[in-house]
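All values below were derived from every heavy atom in this structure, side-chain atoms included, with hydrogens, water molecules and symmetry-related copies excluded.
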Amino acid sequence: MSRALKYAFVYLLLGSLWIILSDILVFSDNQSHGAKFIWELSKGLLYVLISAVLVYILLRRSNDALKKEKREIERRESLLNTIVNNANEEFLLFNRNGELLHNKQQYVKLAPGGRFPDYLRGLTEDPSILEELEKLAERSLTQDIELEREVVIPANNHIYRFLFIPISEHKEQLIIVQDETAQRHQIKMQKQNELILDLVLSTRDIGLREWSLSMDQVRYNENALKIMGAATYDEIPQHREWMTRIHPDDQAEVSASYNRLLQGETDSHESQYRILTLHNTYKWIVEYAVISERGDNEEPEHLIGVFIDFDRYKKHEETVHAQKQKLQQVAFANSHKIRGPLARMLGLIQLCEEQRDRGVQSEDEIDEILQKLKISALELDTVLKENAEIIG
């Protein structure tokens, strides 16, 4: 039951009761006026009924007018919100005939009085796009509805968003045009960066470290727990304890790097150091950090960084360095310790050949040469064994 009908029914009920009760009181002492009583009662009730119908009609019309006015206010409010929300965007105002009334855009220069199709042809020559947008503008006006369409211009690969807003009381149309190319590119790059970050942080050797300086609290990701050997987030150290776990030989350098970042002398913190894990063993890590948020006075409030488990790479580097030193020792032995005995052996062999050719070689001389060859051979054998031990 509508509100107007309720009010009319209440009026009818109260009015009827009033007529009945008042007539009963007036004619209660006079029994000879029965016909007049019925006439007066019927006339009163008829009046109440007719007036109740009129009250219902008036209330119904008033209610419909209020609803219509409310819808119009809501429509204008929606239109105003749309204009305010797009105040920094490009928009055009056309009348119902498609003639430009106001221009606040930069893509295509169109003088007042110019038509919407002329504006569109300044954006693209694609007939399918032109036809689609013209039909949307016409449909928005004739059906009095807001329409929106996103269009990609193949010529320059730009993305435009068209919003058609009819202003029925003025028989005009507001068309908002926004070039979303840069915004879409930014969103695409942001998604790619998020995917890259997720991919990086999903690697088990990379831990995330967020330090809220204002609250002096550090938050880690799950990889950080594995790197530090922690079973729960409560076990992993906060910043102060973290700094005490850095190897004494590395603490000064890491602390100085952090201070330069916090004081704004550098844009980032980068360091490579050893840290004592919860397994009570030192592990090499590489850390990168930046200030992600500063206060009004440029004081750092939030730091975010990543640290990489560099231990096995560092040990591999140390192994390669040790092997390099061994190779250097072998190279030194080859160039000095091996060359000497080998040169003596070659010289003795050449001496034997010369004496043989002259036929002056005696047994004593042969024995002496053989003895020297033996000594050189043993010396060479010793050097080769040493090289084999170095190479391992």
Kindly indicate, with the supporting measurements, whether the criterion side chain to side chain contact (heavy atoms under 4.5 Å, CB included) is fulfilled by H269 and L262. CA-CA 9 Å; H269 155 74; L262 296 177; over 6 Å; no
Before you tell me yes or no, could you show the steps for N157 and T181 under side chain to side chain contact (heavy atoms under 4.5 Å, CB included), namely the whole-Å CA-CA distance, both residues' side-chain angles and the distance that decides it to 0.1 Å? CA-CA 8 Å; N157 202 27; T181 308; over 6 Å; no
Side chain to side chain contact (heavy atoms under 4.5 Å, CB included) evaluation trace for I227 with F307: CA-CA 9 Å; I227 294 173; F307 58 94; 3.9 Å; yes
Decide yes or no on side chain to side chain contact (heavy atoms under 4.5 Å, CB included) for Y258 and E287, but give the supporting numbers first. CA-CA 11 Å; Y258 263 116; E287 187 177 46; 3.0 Å; yes
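With K283 contributing its side chain and D309 its backbone, the two residues share no donor-acceptor pair below 3.5 Å. A donor-acceptor pair under 3.5 Å is absent between the side-chain atoms of S62 and the main chain of L58, judged by distance alone.
Contact check for E131 versus S128: no side-chain heavy atoms found under the 4.5 Å cut-off. With a 4.5 Å cut-off on side-chain heavy atoms, I291 and L261 count as touching. Looking at heavy atoms from C-beta onward, Q272 lies out of side-chain contact with D250 at the 4.5 angstrom threshold. Between K226 and E222 there is a side-chain heavy-atom pair separated by less than 4.5 Å. Side-chain contact between Y119 and V177: present, with at least one pair of heavy atoms (C-beta onward) separated by less than 4.5 Å. L133 places a side-chain heavy atom less than 4.5 Å from the side chain of F164. Inter-residue side-chain proximity for D216 and Q238 is flagged as unmet; no heavy-atom pair is nearer than 4.5 Å. With a 4.5 Å cut-off on side-chain heavy atoms, L120 and F162 count as touching.
I159 shares a hydrophobic cluster with V152; the chain of contacts runs through ILVMFWY side chains whose heavy atoms sit under 4.5 Å apart.
For R115, the CZ atom sits in a packed shell: over 12 heavy atoms of surrounding residues, nucleotides or ligands are nearer than 6.0 Å. Other residues, nucleotides and ligands place no more than 12 heavy atoms under 6.0 Å from the CZ atom of R61.
The two residues H279 and G229 make their nearest non-hydrogen contact at NE2-CA, 3.5 Å. Here the shortest heavy-atom pairing between I165 and S140 reads N-OG, 4.3 Å. In this structure, W211 and V218 approach most closely via the heavy-atom pair CD1-CG2, 3.6 Å. The two atoms that bring E134 and P117 nearest to each other are OE2-CB, 3.6 Å, heavy atoms only.
Placement of I304 and Y288 within a single hydrophobic cluster is found when ILVMFWY residues are connected by side-chain heavy-atom separations under 4.5 Å, directly or transitively. By the criterion of side-chain heavy atoms lying less than 4.5 angstrom apart, applied directly or through intervening Ile, Leu, Val, Met, Phe, Trp or Tyr residues, L141 is not grouped with L174; the two fall into different hydrophobic clusters. Linking Ile, Leu, Val, Met, Phe, Trp and Tyr residues whenever their side-chain heavy atoms come within less than 4.5 Å leaves L278 and Y282 in two separate clusters. Cluster membership check: I236 shares its hydrophobic cluster with L213, using side-chain heavy-atom separations under 4.5 Å among Ile, Leu, Val, Met, Phe, Trp and Tyr. Side-chain heavy atoms closer than 4.5 Å link hydrophobic residues (I, L, V, M, F, W, Y) into clusters, and following such links, possibly through other members, connects I145 to L136.
R121 has a carboxylate O that lies under 4.0 Å from a charged side-chain N of D118, or vice versa, which qualifies the two as a salt bridge.
Within the model, atoms CD1 of I153 and CD1 of I129 stand 4.5 Å from one another, a figure rounded to the nearest 0.5 Å. Interatomic distance, CD of E132 versus CG of D126, reported as 9.5 Å (0.5 Å rounding). If you take CD on E301 and OG on S214, they are separated by 6.0 Å, rounding to the nearest 0.5 Å. Between the CD atom in E148 and the CG atom in L163 there is a gap of 5.5 Å [rounded to 0.5 Å]. Note that CD of E235 is 13.0 Å distant from OH of Y220, once rounded to the nearest 0.5 Å. From R149, atom CZ reaches atom NZ of K135 across 11.5 Å, with rounding to the nearest 0.5 Å.
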Just list the side-chain donor-acceptor pairs under 3.5 Å for residues 242-249, sequence neighbours left out, or say none.
from	atom 1	to	atom 2	distance (Å)
W242	NE1	Y273	OH	3.0
T244	OG1	E241	O	2.6
R245	NE	E241	OE2	3.3
R245	NH1	L276	O	2.9
R245	NH1	T277	O	3.2
H247	ND1	D249	N	3.1

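A donor-acceptor contact closer than 3.5 angstrom links the side chains of R209 and H239.
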